[in-house]
Protein chains: 6
Amino acid sequence: MFTHNKKLQYTVRVSEPNPVLASLMLEQFGGPQGELAAAMRYFTQAIAEDDPGRRDMLFDIATEELSHLEIIGSIVSMLNKGAKGQLAEATQSEAELYRSVTQGADSHTQAILYGGGAALTNSSGVPWTAAYIDTIGEPTADLRSNIAAEARAKIVYERLINVTDDAGIKEALGFLMTREIAHQISFEKALYAIQPNFPPGKMPGMPQFSHLYVNTSQGPTDHRGPWNTGENWQRMDDVLGGIPLDGGDGAASVDLGSSQSEDLANYAARTKSNPGSDPVTGADLGSSGGAEARHSPAE
Amino acid sequence: MFTHNKKLQYTVRVSEPNPVLASLMLEQFGGPQGELAAAMRYFTQAIAEDDPGRRDMLFDIATEELSHLEIIGSIVSMLNKGAKGQLAEATQSEAELYRSVTQGADSHTQAILYGGGAALTNSSGVPWTAAYIDTIGEPTADLRSNIAAEARAKIVYERLINVTDDAGIKEALGFLMTREIAHQISFEKALYAIQPNFPPGKMPGMPQFSHLYVNTSQGPTDHRGPWNTGENWQRMDDVLGGIPLDGGDGAASVDLGSSQSEDLANYAARTKSNPGSDPVTGADLGSSGGAEARHSPAE
Amino acid sequence: MFTHNKKLQYTVRVSEPNPVLASLMLEQFGGPQGELAAAMRYFTQAIAEDDPGRRDMLFDIATEELSHLEIIGSIVSMLNKGAKGQLAEATQSEAELYRSVTQGADSHTQAILYGGGAALTNSSGVPWTAAYIDTIGEPTADLRSNIAAEARAKIVYERLINVTDDAGIKEALGFLMTREIAHQISFEKALYAIQPNFPPGKMPGMPQFSHLYVNTSQGPTDHRGPWNTGENWQRMDDVLGGIPLDGGDGAASVDLGSSQSEDLANYAARTKSNPGSDPVTGADLGSSGGAEARHSPAE
Amino acid sequence: MFTHNKKLQYTVRVSEPNPVLASLMLEQFGGPQGELAAAMRYFTQAIAEDDPGRRDMLFDIATEELSHLEIIGSIVSMLNKGAKGQLAEATQSEAELYRSVTQGADSHTQAILYGGGAALTNSSGVPWTAAYIDTIGEPTADLRSNIAAEARAKIVYERLINVTDDAGIKEALGFLMTREIAHQISFEKALYAIQPNFPPGKMPGMPQFSHLYVNTSQGPTDHRGPWNTGENWQRMDDVLGGIPLDGGDGAASVDLGSSQSEDLANYAARTKSNPGSDPVTGADLGSSGGAEARHSPAE
Amino acid sequence: MFTHNKKLQYTVRVSEPNPVLASLMLEQFGGPQGELAAAMRYFTQAIAEDDPGRRDMLFDIATEELSHLEIIGSIVSMLNKGAKGQLAEATQSEAELYRSVTQGADSHTQAILYGGGAALTNSSGVPWTAAYIDTIGEPTADLRSNIAAEARAKIVYERLINVTDDAGIKEALGFLMTREIAHQISFEKALYAIQPNFPPGKMPGMPQFSHLYVNTSQGPTDHRGPWNTGENWQRMDDVLGGIPLDGGDGAASVDLGSSQSEDLANYAARTKSNPGSDPVTGADLGSSGGAEARHSPAE
Amino acid sequence: MFTHNKKLQYTVRVSEPNPVLASLMLEQFGGPQGELAAAMRYFTQAIAEDDPGRRDMLFDIATEELSHLEIIGSIVSMLNKGAKGQLAEATQSEAELYRSVTQGADSHTQAILYGGGAALTNSSGVPWTAAYIDTIGEPTADLRSNIAAEARAKIVYERLINVTDDAGIKEALGFLMTREIAHQISFEKALYAIQPNFPPGKMPGMPQFSHLYVNTSQGPTDHRGPWNTGENWQRMDDVLGGIPLDGGDGAASVDLGSSQSEDLANYAARTKSNPGSDPVTGADLGSSGGAEARHSPAE
């Protein structure tokens, strides 16, 4: 069960309202690399986890991410605080209010739709979706997903720090960015404390294909590196010939019963495009100068 | 530019139609861990990448994933081949067709909506969305995302192999699963060929918070492991007191101009919930015991 | 900031695994009336709220809803616990596992995609979206939204209780259902402690239209009740004549500059559908027996 | 069945084109509180409703909302009328057209994607989704949802009125805003004409929890009001101890069969994170200080 | 403005409740080819249309589609009528109700979430989205979209007719299917009454590429037909050589200022993947064979 | 299977970076009429197609659309190239970077979220969704969908050409626009090479309704044209009387079993809105004039 304390985990001091900057900050509130995504990724893993150590860690970090969601949401809320009253009380002239609402990218989303609150959208106004959550319930995959998610979140915070010179915001974002580093370390330790963890899962794979590099993209900038060259790699460079890797005919087939085959054959006959025809078409009918032309083919 | 050969990269031999199994297979066609997501993740990274080696690798693997999309789509198409003709030609009785359409989870989606084709949905019928793509345009983050994505895809293939005994499908899925292993190796080599790569990005973070573990989840199953204990970790176990980590007051604040402050104060006054009131409410009016009370105001 | 205790707010005792029932329970985990929606609705209101009493209440209830999300997620997780190991270890025959995966509506979503965990989807597998959150940042509207949301959640719990005879689940659901009642009472008290709260907002509206009932739907089952009849209501029953309510001509107009008018006129001329024509069309070309027919109109 | 008259229910006179203002107006065309959402909310309730009076009312109001959708769409269309011809005929220089397209937030969405028409998106360009519709088929819940929806729509109209000084638009919006007031009154009358209506549904709830207020959010701004204090309320202030409300152990449990237990145990053993290990991880390999360490394993 | 009559445009007589069939029917209520999509496609075109004839036609057909939405919704509602009362009153045993709720694909969606009403989802439970609407505000494109949409809707009705033997439903669906034919004819007449209409729009295109067929897909089943062969077609069969069609070098380039170039070069240097390295990676650390290697760094 | 060559199908020369223009260009990268939608529409048709000629054509065009996706994505990437380095290296002052990020509509989406890459979103930042794909697996419908899709894409390219004066971009867009013309011709030829193709599918429809025009929209601008007038059309102008087209009573009915009827009756009784009541409601309680009334119940 959860409890809450009205103090933030990190104090937020915003120097002045700025609804456009608020929109940018939403990226980490309701965006794909944001704090709700982080909290829900780890929370959904935690409640299904049977390993007591990982379960504890996942609850610890999920809970902290909720506190971070509160911090970034509070930044957004402070940045919108001026617009909130103006929009509701309308003591400005409409023209002034219109200018402030439309002065920057997407700030109107905050003002009109959410009334100055922090919305669970990204910086373009797209609502948060659980499609961002890549939990699949297998720890060696999920921990890798968590490691990657922390890396992405770290970078997005870095970018947000780069676009503001408000010292209080920079400091709070710097804190949030740093915590992503700490969490990435924890998730890596938990992953490598599972031995073995590669390949993930139980099945070893077909050995003839697990160290094969298929050079499907040809052309002037073909390059080599440890990702495709070395003693463990087998390379396949001749791909233009269209040779299936299994040595088969590369076709897809299924055995149908006779009734199903008959239905399919009837359907094919009914919907056949006759390759020997030269039909007049809509494009012919609709082309300029096509009015005359269109009658000729049928003659 | 792309070219195509009508031979599949791996031959697909399906033993008999099965639209319910087709629905399950869609998970890797139009689902979050599926082949379109893989192809588009690497393709969007490739076209923006300036490093020639990574660019080459990303195009190689993106292109191969398109070939894998074609393989899994061909499996789905073969599994639905019987239903395709039956639904269009309707030579069965309606009752039989109804039974085949509704016999299993979501198979009707294939039959009714997509006419026996392979739809870009997951196994529940949810349309594919680019919200699955976590490319952010920074290589040390994106490569970690790719590593995690390959791990997830590997596991989902393993699960699909576990639910069918069709030998041809198992073999093709085994091939696809194995390729995820190979791709994960390539992405790891490319990541660690960047030095340093941790923390990702350019900013080092605030040192006092980068190795701190906050034990936010209390209770009987508190555990220790390398993810929260050891010489590099500082732990914070006392979290119930609500102490902000920065030593501040944990409040959020913003400096408003006087006009904005006035608007906000007016708004607050107008919408204040009076804590000393004891209002009659809708619940009172609508409760069974509230029938008497509710008539008096009209008197 | 948030903290967590690994004890649930209410003990969950599930009698036996049942992945189909787990799918139904997801409705209140990641569905529109579920606990994440509740928690996020109140949380987004709380962080933007300036009224100290409402802010406190909103944080109290938001936090409790997170504990409820944990309870319903734990129920789902317990119901899927059997499938989790079977799918990963695959000691069953594939045929048996296939049957268990496909035996009921949407249970495969759990098994294949989420590996036995609790997914942030509704019972049809649709990912949770912040489009469910109707917070708009005005308390007399938001509190009404909260009242309605609690009513809906109460009903969905009632339905879920009706479809299971697992005593432990029924008890936990009964608890969750009851809390919705308590929360509805709190939100109503907070709403009516704002005076006046109707109409919501600051503008009174145009008096000639605020108590007018327009009887737009005609027909045999026209009915009267306090919602359209009584001393405060003015009724408009004659709607078939198409009379605009403002007494104007019912047209939409805009004043364009001359350059814009000219562009628009050119565009209209270029794309005019000639009402006096009788063109041959694609349907004519493609109709059986239409090959001949299609020439005649042009003659 | 529906019929239509080309006169609008309210005359729309727009003073001049303004594609940025058009974007803002879309909020009530294809946004969550907009007229399509209203029409569809009541329409879906109407067709499933068995109570003749409510069914009549729901059809009346649903139909009127369609007329309002037409009014707001006509405002958008008039505001975009200038851009429509310019974009299609391109008699401006490209530089001028580019400036007009990009001059304000999201106006390009109208110009490029929708060609000057009214799109079923909100003001940020997010497509309308039926996830906005909260109909659940129970009248005491649905009517509360309707009351809340009318309150929200009223407020959004108020905000839109505040950001324009076009007299014709202000008047039409004032009409639409006023009708939301009237509809809210109707829905309230219909709700309270059901007796009893609280709690919604058939089940009374567990009496020990229906008037309990759990003070989960602690801290300096704890407050009291009629929503948590008074003769009907029982309060629970001690939440930091983590005591489950049912007096149980707060654990989640399920009885598994022996085969399922064995699979799960095997899975747990295979994926255990060893708490006593101190593994080298990717972060170590990728840290700048880790360069030396990283080479040794390869020796 | 719209008006409504409570008589349906076509009488609906359903022989018996069937919630699974109801789910299938939802495809044409809230699915991509369904009646709401049709109504909104034509309505959004109508309100922005300046041509009086097309505007009239679009309003006529949009309005009729709303009546069809009501018909298909009424079919769904009748098919769910039995479940509606059972779920609310719960006079069955829970076990019986559970069986009826879970007996078929997705029927539980109706029962649990929508309480027996007609939901604006497709047959898989996916909420309707305005992403289905392809209106772009240019009549020769939009009319082609309408023609295609009517064709698709006609086919989906055909499939639904094929899966039921309820005579009343078959008759109503037959009516709805037939109206799609009539609408397709109207839209085709309106399109070809614009002359010329091909190519759509104002720009003629580059003549060297408008009749070129690029044979990008090679292999055993290469075929010829009027779509790629004939006097008007130029064919390009040699695609494996990777020759850009413009005769250029096929590269993408942009001129950057010096400061931007420098930033980009710094970024590239910082994130270069060294092709000559052979780094130890996470996969090495986590492989079973890697257990030994992994311990040495810690020494 | 697919292969790739790093040369683009058409050379891209961008004159200078412009992230706002990049956002507009995204419309054809990840927007509804864009190249991914085109590629996936034809690809999903190709893999399920049994007609060898159409299958070949669909693979040819699908593959070419992937090359076009690469071209438009490369344009976006070049336009963002300056921002990419600036955002990552942050050698500008924050204030300058903020201005460049927020200077135009939605450019911040590129900068913050995608780091200067090409995102699979439309120009408003909405992620691509497979809901854009209207493939239904019947060739006479799908080919019409393809024809319409090419027409829409042609128009959107025309609009994009109109808003830029960058010669290199105009040329590349002109190429892409022209290829849509060529593809439309191919799809039309393939459609009309199926005879007959109208009405689509197998069922002829009810003859009394297939050439009936229902004039549902009345009013001053009623018009006639070949879409509703002529020898083949029967018109129905009297729609205000509410006469069902089948001559029936226009009601919806279903036969319920007695137990179901009883449940439904009980439910109706329990939830009846009493038309003869005049209840006090929330609006009354919350109105300013209602202040007095509201206190009396508590006395």
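Proteins get letters first, then strands, A, B, ... in listed order; numbering begins at 1 in each. These values consider heavy atoms only, across backbone and side chains, with no hydrogens, waters or symmetry-generated copies.
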For residues [X] and [Y], determine if any side-chain heavy atom of one lies less than 4.5 Å from a side-chain heavy atom of the other.
{"X": "A:L58", "Y": "A:D142", "value": "no"}
{"X": "B:N18", "Y": "B:D166", "value": "no"}
{"X": "B:V214", "Y": "A:R179", "value": "yes"}
{"X": "A:H223", "Y": "B:R55", "value": "no"}
{"X": "B:Q9", "Y": "B:E70", "value": "no"}

At a heavy-atom distance under 4.5 Å, which candidate from [options] has the highest pair count against chain A?
{"options": "B:G201, B:A141, B:P200", "answer": "B:P200"}
{"options": "B:R270, B:Q33, B:Q260, B:R152", "answer": "B:R152"}
{"options": "B:L8, B:T3, B:T140", "answer": "B:L8"}
{"options": "B:M57, B:M177, B:E262", "answer": "B:M57"}
{"options": "B:V14, B:D60, B:D263, B:T178", "answer": "B:D60"}
{"options": "B:L212, B:N228, B:V126", "answer": "B:L212"}

Under 4.5 Å, counting heavy-atom pairs only, tell me which of [options] racks up the most with chain B.
{"options": "A:P17, A:A190, A:P199", "answer": "A:P17"}
{"options": "A:E64, A:R54, A:K154, A:E158", "answer": "A:E158"}
{"options": "A:S186, A:G241, A:G174, A:G85", "answer": "A:S186"}
{"options": "A:K7, A:R144, A:M78, A:K189", "answer": "A:M78"}
{"options": "A:A62, A:A88, A:G225", "answer": "A:A88"}
{"options": "A:I155, A:N5, A:L264, A:T63", "answer": "A:I155"}

Contact origin within [X] toward chain B - heavy atom pairs under 4.5 Å:
{"X": "A:F175", "value": "both"}
{"X": "A:M206", "value": "both"}
{"X": "A:K202", "value": "both"}
{"X": "A:S15", "value": "backbone"}

Ignoring hydrogens and geometry, is there a side-chain-to-backbone donor-acceptor pair from [X] to [Y] under 3.5 Å?
{"X": "A:Q218", "Y": "A:N215", "result": "yes"}
{"X": "A:W233", "Y": "A:P226", "result": "yes"}
{"X": "A:T129", "Y": "A:A131", "result": "yes"}

*Mind checking what makes ring-ring contact (aromatic ring centres under 6.0 Å, His included) contact with A:Y157, not counting sequence neighbours?*
none
Interface moiety of [X] toward chain A, non-hydrogen atoms closer than 4.5 Å:
{"X": "B:S253", "value": "both"}
{"X": "B:P32", "value": "neither"}
{"X": "B:P207", "value": "neither"}

*So, B:Y192 versus B:F187, ring centres under 6.0 angstrom or not?*
no
_Set of residues satisfying salt bridge (Lys or Arg N to Asp or Glu O under 4.0 Å) with respect to B:E188, sequence neighbours excluded_ = none
*Pairwise distance OG(B:S259) to CD(A:E89) - rounded to 0.5 angstrom*: 11.0 Å
